[in-house]
Protein chains: 2
Amino acid sequence: MSYTITAVDRALALLETLAEKPGIGVTEIAHLTGNTKSLVFRLIYTLERRGYVIKDPSTRTYTLGYRPLYLAANAHDQFAVLRAAEPFLDVLATRCDGNVNLLVRDGLNSVCIAVRETPAPADLYAKVGRRGPLHVGGGPKILLAFAPAELLEELLASPLERFTDATIVDPAALRRKLEEIRAVGANESHGDLDPEAYSFAAAIRDAAGEVVATVSIAGLNATLTDEKSNSYRRFVRDTAQRISAALGYRPKLRAAV
Amino acid sequence: MSYTITAVDRALALLETLAEKPGIGVTEIAHLTGNTKSLVFRLIYTLERRGYVIKDPSTRTYTLGYRPLYLAANAHDQFAVLRAAEPFLDVLATRCDGNVNLLVRDGLNSVCIAVRETPAPADLYAKVGRRGPLHVGGGPKILLAFAPAELLEELLASPLERFTDATIVDPAALRRKLEEIRAVGANESHGDLDPEAYSFAAAIRDAAGEVVATVSIAGLNATLTDEKSNSYRRFVRDTAQRISAALGYRPKLRAAV
DNA sequence: AACTGTGCTTCATTGACTGAAACAATGACG
DNA sequence: CGTCATTGTTTCAGTCAATGAAGCACAGTT
């Protein structure tokens, strides 16, 4: 546990279990987090005093409080991407019947920072905060393709987890795929994470030209037609370009031949 | 400090200073929070490992991470009000040139949980997470009016803070005002917090008939006309009713006379 | 009314948190 | 190019605070 300070770590874990299961009491939290009741009581007491959790005095249960919203609102400010992207995600969502996701990379994971759900598919899919591997799915592979070279090596140090028959688990094959993605700045995947799902994704670049996020449309294969594929492929690239532009990205002009 | 566990408390304080001042380093945080460098280093290390802060290795500065977004997204789910209100706030914002705010009560404070800013006024006003007293402003007084009776007594146990000439600091006068608010379910204030600002607010009720939040429009007196006053008063009540309806509130039918 | 469970409180112990100080790494400046 | 100042990082030891065990008060249930 090197440098981590355990009390803080436990408090954060508590917050997260409360995020997953709101409306539970001290004993249940204690059970879920594997701590004693008294410890949980004190942790939650300090969290409550700061507004991170709220106690319902009648039922003596706890839920997340309003302070996380404050943090998120401020995080939101600094995440230029999210801010810039949201209006475009809204538009994109109205134009297709898949889920629209905005992903960024954090270390060796992809993190979903925005979702627009369309009424049709179940919410089996992404939720804000959901983390996933980088070697599967339409968006994550883009993030991996444009990540620092060392990171890929670090990832390849351990074997790639297989999710379906279509999952790329061969390092060489993955490298080729990433090369291809770098060339086109977009990617699509069909059933490499969930066998029944597709995903069309495109890279978002900031003013410095760095790939900072991806937009994607994801849905069930069963609902996908050739016609849709073509338009989604186009839509997703289009929105990625618009968001990039909003971030100040100016595509380099190639020397005319 | 009774039950609070200090390590956790300090960690949360650190998160919040980072929310206010993103992009600072260890020493500056240490300075701002009044802790030693080594402590800050360890706190931030554990926060980083859990994704609450992100370190920029090149500049060695820290910003909020993606995990708060996850918490907020889950808090969002349980806050039916926020979810129900957002579309209506959007509409309201397009119809007026003041700031639109959604407030809830947390203990003896009002907390802003959503804002729609209009380009015109400065953002002196509310931000998400902003806390304020309950006895001033259009919205807070509504929250106070419908809070449990004990709470008002608790509030009146200490003298009411005066902000401007228009602030109600006399307990008896406040009680009368609250009575009036309970009768109409709406409220407006002119310069009782900020001498130059107005606020029109209305109560939002949930399916059980409880007042759970308020919507308000706030702006500068200088920009207010009689005509606007009338329409804002109407707009704000209207949206409060719509949000209440979305939450499942059915107004009780009075026995016809 | 006895009982099972809950949240809450107290208390003693030890182990974790903390501050001070040394170290390394980075950048500023002449 | 070398010196200096400042930053982040690490080490270490003392003590204070975090912790678990046990006991209390209260509510709901049968």
Side-chain angles (χ1 to χ4, degrees), chain A residues 1-65 106-107 148 150 208, chain B residues 1-18 20-65 78 106-107 148 150 154:
Chain A
M1 265 265 183
S2 65
Y3 274 65
T4 51
I5 119 170
T6 49
V8 175
D9 207 56
R10 285 198 247 239
L12 297 176
L14 196 160
L15 270 183
E16 289 172 22
T17 56
L18 209 51
E20 277 158 29
K21 266 201 129 188
I24 57 181
V26 171
T27 17
E28 187 166 3
I29 297 174
H31 196 254
L32 286 174
T33 57
N35 292 319
T36 59
K37 279 197 299 174
S38 29
L39 177 52
V40 168
F41 176 72
R42 279 174 295 226
L43 286 171
I44 217 165
Y45 178 84
T46 70
L47 289 171
E48 191 198 353
R49 283 179 64 97
R50 285 218 169 245
Y52 286 81
V53 302
I54 292 179
K55 169 204 241 166
D56 180 345
S58 63
T59 65
R60 287 194 257 170
T61 57
Y62 294 88
T63 47
L64 286 183
D106 184 24
E150 315 88 78
Chain B
M1 264 267 180
S2 63
Y3 274 65
T4 51
I5 119 170
T6 49
V8 175
D9 207 57
R10 285 197 248 240
L12 298 176
L14 196 159
L15 270 183
E16 290 173 21
T17 56
L18 209 52
E20 278 158 28
K21 267 199 128 189
I24 57 180
V26 171
T27 19
E28 187 165 2
I29 297 174
H31 196 254
L32 285 174
T33 57
N35 292 318
T36 58
K37 278 198 299 173
S38 28
L39 176 53
V40 168
F41 176 72
R42 279 174 296 227
L43 286 171
I44 216 163
Y45 178 85
T46 70
L47 289 171
E48 190 198 355
R49 283 179 63 97
R50 287 216 168 246
Y52 286 81
V53 302
I54 293 179
K55 170 203 241 166
D56 180 344
S58 63
T59 64
R60 286 195 257 170
T61 57
Y62 294 88
T63 48
L64 287 183
Q78 55 189 280
D106 184 24
E150 315 88 79
E154 194 183 338

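Values reported hereafter were calculated over all heavy atoms of this structure, with side chains retained and with hydrogens, waters and symmetry mates removed.
- Looking only at side-chain heavy atoms (C-beta outward), B:Y62 and B:V26 come within less than 4.5 Å of each other.
- In this structure, the CZ atom of A:F41 is 18 Å from the P atom of D:dA21, given to the nearest Å.
- Nearest to the side chain of B:I5, among D:dA18, D:dG8, C:dT10, sits D:dA18.
- Between the OG1 atom of A:T33 and the CD atom of A:E16 there is a distance of 12.0 Å, given to the nearest 0.5 Å.
- Counted within 6.0 Å of CZ on A:R49, heavy atoms from surrounding residues, nucleotides or ligands total 12 or fewer; the atom is thus considered open.
- Of the candidate nucleotides C:dT9, D:dG8, D:dT19, D:dT19 has the atom lying nearest to any side-chain atom of A:L39.
- In this structure the side chain of A:L32 never reaches within 4.5 angstrom of the side chain of A:L14, judged on heavy atoms.
- Mapped onto DNA chain C by nearest heavy atom, B:R10 and A:S38 fall at different nucleotides, with A:S38 at the one closer to the 5' end.
- In terms of polar N and O atoms assigned as donor or acceptor, the side chain of B:K37 never comes within less than 3.5 Å of the base of C:dG19 in a complementary pairing.
- Taking atom CG on B:D9 and atom P on C:dT18, their separation rounds to 11 Å, with Å as the unit.
- Place B:R42 and B:I24 on DNA chain D by their nearest nucleotides, and B:I24 ends up nearer the 5' end.
- An OP1 or OP2 oxygen of C:dA20 is reached within less than 4.0 angstrom by no side-chain nitrogen or oxygen of B:T36.
- If you check every strand for non-hydrogen atoms under 4.0 Å, A:T27 touches sugar and phosphate atoms only.
- A:K55 places its NZ atom 16 Å from the P atom of C:dT6, with the value rounded to the nearest Å.
- In terms of position along DNA chain C, the nucleotide closest to A:E28 lies nearer the 5' end than the nucleotide closest to the other residue of the pair B:A7 and A:E28.
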